[in-house]
K.L.:
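One structure, pasted below without further comment.
All figures in this text were calculated on a predicted structure; none of them were measured in a lab.
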Amino acid sequence: MTTPLFLLRCVQLGLSIGELDLLTIGLVNDMYVESHNDEHKYVVVATQEDFEKF
């Protein structure tokens, strides 16, 4: 990942320069991936009962 791409991801996530002192590159990457997962419509979603069975 290049520096410009990393900074673009930070802007897309709404992170400030000050917040980057508290985050690693890997954490920013994970946050970016998870932000796209939030928009995905899952066919099956676990319920509380499913978690209790687990």
Side-chain angles (χ1 to χ4, degrees):
M1 172 178 288
T2 63
T3 301
L5 181 58
F6 175 74
L7 293 175
L8 174 63
R9 298 291 184 244
C10 293
V11 169
Q12 290 171 327
L13 290 169
L15 299 173
S16 68
I17 295 295
E19 291 171 319
L20 292 181
D21 285 338
L22 306 172
L23 304 172
T24 63
I25 293 171
L27 185 55
V28 172
N29 285 334
D30 289 345
M31 290 168 61
Y32 181 75
V33 169
E34 288 299 324
S35 71
H36 284 77
N37 287 345
D38 291 343
E39 298 168 6
H40 183 75
K41 302 297 182 211
Y42 293 96
V43 178
V44 178
V45 178
T47 64
Q48 183 62 41
E49 185 177 307
D50 294 328
F51 280 104
E52 290 169 2
K53 289 178 185 177
F54 183 69

K.L.:
Who pairs with T47 by side chain to side chain donor-acceptor pair (under 3.5 Å), at least two apart in sequence or on another chain?
P.N.:
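Listed in chain order: D50.
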
K.L.:
Which residues, ordered by chain and number, are linked to F54 in its hydrophobic cluster, where ILVMFWY side chains connect at heavy-atom gaps below 4.5 Å, directly or through other members?
P.N.:
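Result for F54 is none, singleton.
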
K.L.:
Only counting residues at least two apart or in another chain, list the ones meeting side-chain contact (heavy atoms from CB on, under 4.5 Å) with D30.
P.N.:
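Here no residue qualifies.
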
K.L.:
Kindly list each side-chain donor-acceptor pair under 3.5 angstrom involving residues 8-16, sequence neighbours excluded, with atom names and distances?
P.N.:
residue	atom	partner	partner atom	Å
R9	NH1	Q12	OE1	3.1
R9	NH1	Y32	OH	3.4
S16	OG	E19	N	3.2
S16	OG	E19	OE1	3.4

K.L.:
Mind checking side-chain contact (heavy atoms from CB on, under 4.5 Å) for N37 and listing every partner two or more places apart, or none if nothing turns up?
P.N.:
V33, E34, Y42

K.L.:
Suppose the criterion is ring pair (Phe, Tyr, Trp, His ring centres under 6.0 Å): which pairs have a residue in residues 3-28, not counting sequence neighbours?
P.N.:
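Listed by first then second residue: nothing to list.
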
K.L.:
Not counting sequence neighbours, which residues clear side-chain contact (heavy atoms from CB on, under 4.5 Å) with T2? List them please.
P.N.:
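side-chain contact (heavy atoms from CB on, under 4.5 Å) check on T2 returns P4, L5.
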
K.L.:
Could I get the full list of side-chain contact (heavy atoms from CB on, under 4.5 Å) partners for E52, not counting sequence neighbours?
P.N.:
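Testing E52 for side-chain contact (heavy atoms from CB on, under 4.5 Å), a comparison that skips the adjacent residues, returns Q48.
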
K.L.:
Hydrophobic clusters join Ile, Leu, Val, Met, Phe, Trp and Tyr when side-chain heavy atoms are under 4.5 Å apart, directly or via other members; which others share one with V44?
P.N.:
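ILVMFWY cluster around V44 also holds V43.
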
K.L.:
Any heavy-atom pair between the side chains of L27 and L22 that's under 4.5 Å?
P.N.:
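The answer is no; the side chains never approach within 4.5 Å.
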
K.L.:
Surrounding CG of L23 (heavy atoms of other residues, nucleotides or ligands, distance under 6.0 Å), is the total greater than 12?
P.N.:
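More than 12 within 6.0 Å, yes.
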
K.L.:
Partners of K41 by salt bridge (Lys or Arg N to Asp or Glu O under 4.0 Å), sequence neighbours excluded?
P.N.:
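Once residues adjacent in sequence are excluded, K41 has no partner under the salt bridge (Lys or Arg N to Asp or Glu O under 4.0 Å) criterion.
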
K.L.:
To the nearest 0.5 Å, what is the distance between CG (N29) and CE (M1)?
P.N.:
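With rounding to 0.5 Å, CG (N29) is 4.0 Å from CE (M1).
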
